[in-house]
2 protein chains.
Amino acid sequence: MAIKISFKVNEAVFLRDPEKSELGRTIIKHSIDLINNLGFEAFTFKKLAIDMGTTEASIYRYFENKHRLLLYIISWYWKYMDFLLDFQLQNLTDPKIKLKTIIKLLTHELPISAGELDYNIKFLNQIVITESSKVYLVKEVTEINKSEVFKPYKELCAKIAAVISANDKKYPYPKSLSSTIIEASHHQQFFSQHLPRLTDVTPKNKNEFACLFIENLVFSVLGK
Amino acid sequence: MAIKISFKVNEAVFLRDPEKSELGRTIIKHSIDLINNLGFEAFTFKKLAIDMGTTEASIYRYFENKHRLLLYIISWYWKYMDFLLDFQLQNLTDPKIKLKTIIKLLTHELPISAGELDYNIKFLNQIVITESSKVYLVKEVTEINKSEVFKPYKELCAKIAAVISANDKKYPYPKSLSSTIIEASHHQQFFSQHLPRLTDVTPKNKNEFACLFIENLVFSVLGK
DNA sequence: TTTAAATAATAGTATTACTATCTTTTTTAT
DNA sequence: ATAAAAAAGATAGTAATACTATTATTTAAA
């Protein structure tokens, strides 16, 4: 019995819930493929419509614009990450091992654990690395933030911050360290792929590099 | 005798050097104001042309597109930062004080030291915080990187990495730590301004927050 | 002072980012 | 089973964006 995993993304993100119809799910599936292929800037609703054999108008019934669609995808990812985190931490008690598990999760491709997934996780991962900061690095951030659509990110950040605090009760910046390791995980992965001189990757540690760097960083800060 | 500061940005970034004509300098000056006002997404050459009383065609003679213009501004900023860094570190010998000076520079508005500046540094600073990652977080990064236009960023990163290594010869990730503190400086400033729950800012430490966090981070990692 | 280079003025094109309308199909409620 | 409602498809249209091209005018350099 394969369980289909789905997460409720804040209603303010979409006009019609894409999880609730075949067309909606197709939009998300094809968007992930297409954004990964073209990059977010070159991605348009027109191209998406052609790609999936429907019309622009149909897509506009689900999302106000492509920024909202990206926000949906990224939010979905954070919810999935949050779920995986709960799942993987459930039987762990040692806060150090908990934190190591979190760092591993942040710096590796997401595992497709428990249930079947509609989306291409490899692509989703790349999109998060390259495009996720574009959802908040916009002029309208304050306006968008009012509708609570950044909640999944904030909740994940708070959850990781709690584990950080459990490792070192006196550490004064758990939330900032949390958001920093989330962002740095992406950046170091991106840099090691495309601008390696901004990192210390070597051909040897290529795959483990981001993980090793972040682990070293975190456990230095938290005093082992 | 006021010295006008100027930096040579890689020729591949522009079609015609904006530093070498009045129109060119006006383009940069007005771009900084307009990008800061509208955000990069809403900023267009048309709006810029109207704002400065010229035509779109004139601007296209200087820059291929708005992404290149942003790249120019950001590159200029890194060059200016590099210059300030040399300037401020010149009489320092203690590597710890050097690193503290660097962190202060990264987390505060740039000082307008030595010479007169054409550009609005306050705005430039905000643009770097909000828009700088958009110059490399694009599909064409590898292609763009070939023309060496990211050099100013890489050089600054290397310079900071050298100071990091001077603080701790055995630390294995100087370049990654360097790029991480550059990026985290921006992110933590952005978050503390717009999404404070991702940080540990308080009304009290508001202005010093990013600096305090990064200092604590760096000197924990480098073992005091 | 001639020539070249830069700018201004204007026009035009393909694409993007939508909105509107009407018809057909599918779903749901009775 | 059927009527009503909702969703999707088909088509059209508009304003703005992201350019390119052409010619005339001004400015700077040889």
Side-chain angles (χ1 to χ4, degrees), chain A residues 6 9 11-31 34-35 37-73 131 134-135 138-140 143-144, chain B residues 6 9 11-31 34-35 37-73 131 134-135 138-140 143-144:
Chain A
S6 73
V9 169
E11 305 217 339
V13 180
F14 49 74
L15 300 170
R16 206 201 293 304
D17 189 345
E19 292 256 341
K20 285 190 175 147
S21 74
E22 200 49 45
L23 184 66
R25 285 184 291 272
T26 310
I27 288 173
I28 304 304
K29 222 183 293 182
H30 283 247
S31 293
L34 210 55
I35 292 174
N37 275 327
L38 304 175
F40 186 61
E41 283 72 27
F43 167 82
T44 68
F45 278 4
K46 182 88 216 215
K47 289 172 187 167
L48 175 60
I50 291 167
D51 187 61
M52 50 186 282
T54 184
T55 59
E56 263 184 292
S58 300
I59 296 162
Y60 275 106
R61 274 185 215 109
Y62 283 82
F63 293 99
E64 227 180 296
N65 52 51
K66 71 173 183 171
H67 182 267
R68 289 287 161 145
L69 173 49
L70 180 63
L71 185 53
Y72 180 91
I73 291 169
E131 320 289 0
K134 295 172 190 170
V135 308
V138 292
K139 202 74 196 173
E140 314 80 36
E143 199 50 39
I144 297 172
Chain B
S6 74
V9 169
E11 305 218 341
V13 179
F14 48 75
L15 300 170
R16 204 197 298 301
D17 189 343
E19 292 255 344
K20 285 191 176 146
S21 74
E22 200 49 46
L23 185 66
R25 286 184 291 271
T26 309
I27 288 172
I28 305 305
K29 222 183 294 182
H30 282 248
S31 293
L34 210 55
I35 292 174
N37 275 327
L38 304 174
F40 185 63
E41 282 73 26
F43 168 81
T44 68
F45 278 3
K46 181 89 215 214
K47 289 172 188 167
L48 175 60
I50 290 167
D51 187 59
M52 50 186 281
T54 185
T55 59
E56 262 185 292
S58 299
I59 296 162
Y60 275 107
R61 267 184 230 109
Y62 283 83
F63 293 99
E64 226 180 297
N65 52 51
K66 69 173 184 173
H67 182 267
R68 288 288 160 146
L69 174 48
L70 180 63
L71 185 54
Y72 180 90
I73 291 170
E131 320 290 1
K134 294 171 190 170
V135 307
V138 292
K139 201 74 196 173
E140 312 82 34
E143 198 50 39
I144 297 173

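Chain A is the first sequence line, chain B the second, and so forth, proteins listed ahead of strands; every chain is numbered from 1.
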Looking only at the side chain of B:T55 (C-beta and beyond, no hydrogens), which of the listed nucleotides C:dT10, C:dT16, D:dG9 gets closest? C:dT10

Candidate nucleotides C:dT7, D:dC19, D:dA10, ranked by approach to the side chain of B:R16 - the nearest: C:dT7

Mind calculating the distance between CD1 (B:I50) and P (D:dT17) to the nearest angstrom? 9 Å

Residue A:T54, side-chain heavy atoms: nucleotide from C:dT16, D:dT17, D:dG9 that is nearest: D:dG9

Test: A:E41 and B:K134 ion pair at under 4.0 Å: no

Can you tell which of D:dC19, C:dT7, D:dA8 lies closest to the side chain of B:S21? C:dT7

May I ask you to verify whether the side chain of A:E56 and the base of C:dC18 hold a donor-acceptor pair under 3.5 Å? yes

Here the distance between atom C1' of D:dT27 and atom CZ of B:R61, to the nearest Å, is 13 Å

A side-chain contact here means heavy atoms from C-beta on lying under 4.5 Å apart; do B:E19 and B:F14 qualify? no

What is the separation between atom CG on B:L69 and atom P on D:dC19, rounded to the nearest whole Å? 12 Å

Closest nucleotide of DNA chain D for B:N65 versus for A:L23: which of these residues is on the 5' side? A:L23

From A:R61 CZ over to A:T54 OG1, what is the distance, rounded to the nearest 0.5 angstrom? 8.0 Å

Using whole Å, report how far NZ of B:K46 lies from C1' of C:dG12. 12 Å

Separation of atom CZ in B:F45 from atom P in C:dT7, rounded to whole Å: 15 Å

Could you check how far NZ of B:K47 sits from P of D:dT17, rounded to whole Å? 5 Å

Considering only heavy side-chain atoms of A:Y62, the closest of C:dA8, D:dA8, D:dA21 is D:dA8

Closest of C:dA8, D:dG9, C:dA17 to the A:Y60 side chain is C:dA17

Does A:S58 make a side-chain N or O approach to OP1 or OP2 of D:dG9 shorter than 4.0 Å? yes

Could you tell me whether the side chain of A:R68 and the main chain of A:Y62 form a donor-acceptor pair under 3.5 Å? no

How many Å lie between CD on A:E41 and P on C:dA17, as a whole number? 11 Å

Can you tell me how far C1' of C:dA6 sits from CD1 of B:I27, to the nearest Å? 12 Å

Rounded to the nearest 0.5 Å, what separation is found between the CE atom of B:M52 and the CD1 atom of B:I28? 9.0 Å

